[in-house]
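Heads up, the thing below is written out as structure tokens.
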2 protein chains.
Amino acid sequence: MEPNDCRNCEIRSLALFGEISSEGVDQFAEQTYQVQYPAGATIYEQGDKPEAAFTLREGIIKLVRNSGTDRSQIVRLLVKGDLMGIEGIFEEPYRQSAIALTPVRVCYLPLPMLDRMRTEEPRFTEALLGRWRRALNEVEELAVELGTRKAEERVAAFLLHWQEKAEHDDDNWMPFPLSRTELGQMLGLRVETVSRVLARWKREGIFEERSSRLRLLEPDCLDQLLAQGTETATAAHRE
Amino acid sequence: MEPNDCRNCEIRSLALFGEISSEGVDQFAEQTYQVQYPAGATIYEQGDKPEAAFTLREGIIKLVRNSGTDRSQIVRLLVKGDLMGIEGIFEEPYRQSAIALTPVRVCYLPLPMLDRMRTEEPRFTEALLGRWRRALNEVEELAVELGTRKAEERVAAFLLHWQEKAEHDDDNWMPFPLSRTELGQMLGLRVETVSRVLARWKREGIFEERSSRLRLLEPDCLDQLLAQGTETATAAHRE
DNA sequence: CGCACGGTTGAAACGAATCAACAGGAGTGG
DNA sequence: CCACTCCTGTTGATTCGTTTCAACCGTGCG
């Protein structure tokens, strides 16, 4: 819990400060703190009054929206460099809960500091804009999957997207910290459905899994599966 | 197709310029134009290279995302004052197609002008931020509906939300310019399913419909329907 | 007048949810 | 150290909801 050296942050290029001048960063750095949470911890809860936003430095976080239903929906997965909880600068309660899927390290960015940045650093607002835009894009994509694809396709699409997004190390092994239930909460499916699909694909050698990591062996297989839903779309371009 | 008097625009309080000083508005006003489109017209198409953004002055527009599938997904409905196509200022192709559901009037906001505004008017970026934030919120809500609710509930939720969003005139009649097919494209359902639900509700006197307008007679009925899915959630707050 | 299109309805097929049971591993307490 | 429980993943059988296929109606339009 001590002030950061944000100027030399190893993920600064990814993070919010990456888009702000080094001198600009320095004056704010001392007001931020790094915090760690174990897997399963709640960083903040939907509906709570925000006192800070967070940059994710290490680990993976799910943003969960609870809504009326007994089923909750994961609306986004965050990886290194992602920003969360920034809705606070609009005097708005947190719109989702942020829950660690792995042990995580986050930067704690107090709201008053962010408010000052917003007025003093024009680039800051620009940076936020870019983030919000990308977030919107991701959620829209999720909505499309949920609205137009069936179970198998959703799982396939997820795995392929996730491979892009998550940092797959040396030999295509990527982190896969979601339980079957959670994957279901992301894709609008029940545990059993997810389990069946994955179990079958594992048998068929389409991917392998080891201690919360996963590797696609036949990504083309999944591509094809998605392409099948597409064939009419490529031929006739209307609907 | 002649320059606007944006300063005295009757919807300025809603629109993008509402958050910018009157003097600021004037210097940009002469570069904007009003354009009309008939129902069914495409204002812009997903994937195209943007040359402008648009403010919707009158009418209703759907934002449609085409994705791989043969089914397309409506990701948002726009009403008076809403902004669309602003992703252009990031050198990004349009992410959805914008299609008029009714005859519409829009303001044409050329990209070069918006670029200048972005650098010269700090409040402009702020204004965008607010809009992006609200859009994200809406799409997240859509994703939750798609992921967690079944057909009937989705339709009910839509009608209730739409009543909030659309301007219901004197006696609760609201515009309802969507075909059953389109409502299906919004809610991830097929025409027949939507039709069945609505037809039944109409028989049961839950709402009435007249020439693209609709009035809820028993909104409480729909509320209850949504609440049923909720009961476990209010009792036990986890899942 | 005939045709196309949007909405409606029925019957059958299909996909996913639900219910139920079990296996394996982690953690606990005797 | 073993017995027990709890939790996650798996699998099967059944039920339920939605899609699909098909037919029909009414309306607007060429």
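Sequence lines set the chain letters: A, B, ... in the order given, protein chains first and strands last, and positions in each chain run from 1. The structure displayed is predicted, hence computed values, not measured ones.
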Taken to the nearest whole Å, CG/A:L198 to P/D:dT8 is 16 Å
Does a side-chain heavy-atom distance below 4.5 Å link A:T55 with A:T32?
no
Applying side-chain hydrogen bond (donor to acceptor under 3.5 Å, both in side chains) to A:E51 and not counting sequence neighbours gives A:Y108
Any base atoms under 4.0 Å from A:R154, or only sugar-phosphate, or nothing? Heavy atoms, all strands.
nothing
Salt bridge flag under 4.0 Å for residues B:E209 and B:R180
yes
Which two nucleotides bound the region of DNA chain C that has atoms under 4.0 Å from heavy atoms of chain B, read 5' to 3'?
C:dG7 to C:dA11
At what angle, to 10 degrees, do the two end axes of the helix from C:dC1-D:dG30 to C:dA26-D:dT5 meet, given five pairs define each axis?
30°
Less than 4.5 Å apart, side chain to side chain, heavy atoms only: is that true for A:F54 and A:I61?
no
I'd like to check B:E141 versus B:E138 (side-chain heavy atoms, cut-off strictly below 4.5 Å). Are they in contact?
no
Starting at the 5' end of DNA chain C and moving along, which residue's nearest nucleotide shows up first, B:A199 or A:V191?
B:A199
Between B:R149 and B:R154, which heavy-atom pair has the shortest distance, and what is it?
O-NE, 2.8 Å
Can a side chain N or O of A:R203 be found less than 4.0 Å away from OP1 or OP2 on D:dT11?
yes
Base, sugar-phosphate or nothing for B:S179? Non-hydrogen atoms, less than 4.0 Å.
sugar-phosphate
Heavy-atom check, side chain of A:W201 versus side chain of A:L222, under 4.5 Å:
yes
Heavy atoms within less than 4.0 Å of DNA chain D: which residues of residues 206-219 of chain A have one? Give them sorted by number.
none
Apply ring-ring contact (aromatic ring centres under 6.0 Å, His included) to B:Y94 and list each qualifying residue two or more places apart in sequence or on a separate chain.
B:Y44
Go along nucleotides 12-20 of chain D 5' to 3' and tag each nucleotide: B for a protein heavy atom under 4.0 Å from its base, S when only backbone or sugar atoms are that close, - otherwise.
BB----SBB
B:K62 meets the side-chain hydrogen bond (donor to acceptor under 3.5 Å, both in side chains) criterion, sequence neighbours left out, with B:E182
For A:Q36, enumerate each residue passing the side-chain hydrogen bond (donor to acceptor under 3.5 Å, both in side chains) test, keeping only those at least two apart in sequence or located in another chain.
none
List the atom pairs, with distances to 0.1 Å, where a side-chain N or O of residues 73-88 of chain A and a protein N or O form a donor-acceptor pair under 3.5 Å, not counting sequence neighbours.
from: A:Q73; atom 1: NE2; to: A:Q185; atom 2: O; distance (Å): 3.3
from: A:Q73; atom 1: NE2; to: A:M186; atom 2: O; distance (Å): 2.9
from: A:D82; atom 1: OD2; to: A:V79; atom 2: N; distance (Å): 2.9
from: A:E87; atom 1: OE2; to: A:R95; atom 2: N; distance (Å): 3.0

Short heteroatom pairs, N/O only, protein and nucleotides 25-30 of chain D, under 3.5 Å:
none

Looking at every strand, decide which applies to A:R200 at a 4.0 Å heavy-atom threshold: base, sugar-phosphate, or nothing.
nothing
Which residues pass the side-chain hydrogen bond (donor to acceptor under 3.5 Å, both in side chains) test with B:K49, sequence neighbours left out?
none
Close side-chain approach of A:E145 and A:F158, heavy atoms under 4.5 Å:
no
Do B:L214 and B:L159 come close enough that some side-chain heavy atom pair is under 4.5 Å?
yes
All pairs passing salt bridge (charged side-chain N to carboxylate O under 4.0 Å, His left out) where residues 211-221 of chain B contributes a residue, at least two apart
B:D169-B:R213, B:D171-B:R215, B:E208-B:R215
Kindly indicate whether the side chain of B:T102, heavy atoms from C-beta on, has any atom under 4.5 Å from the side chain of B:P175.
no
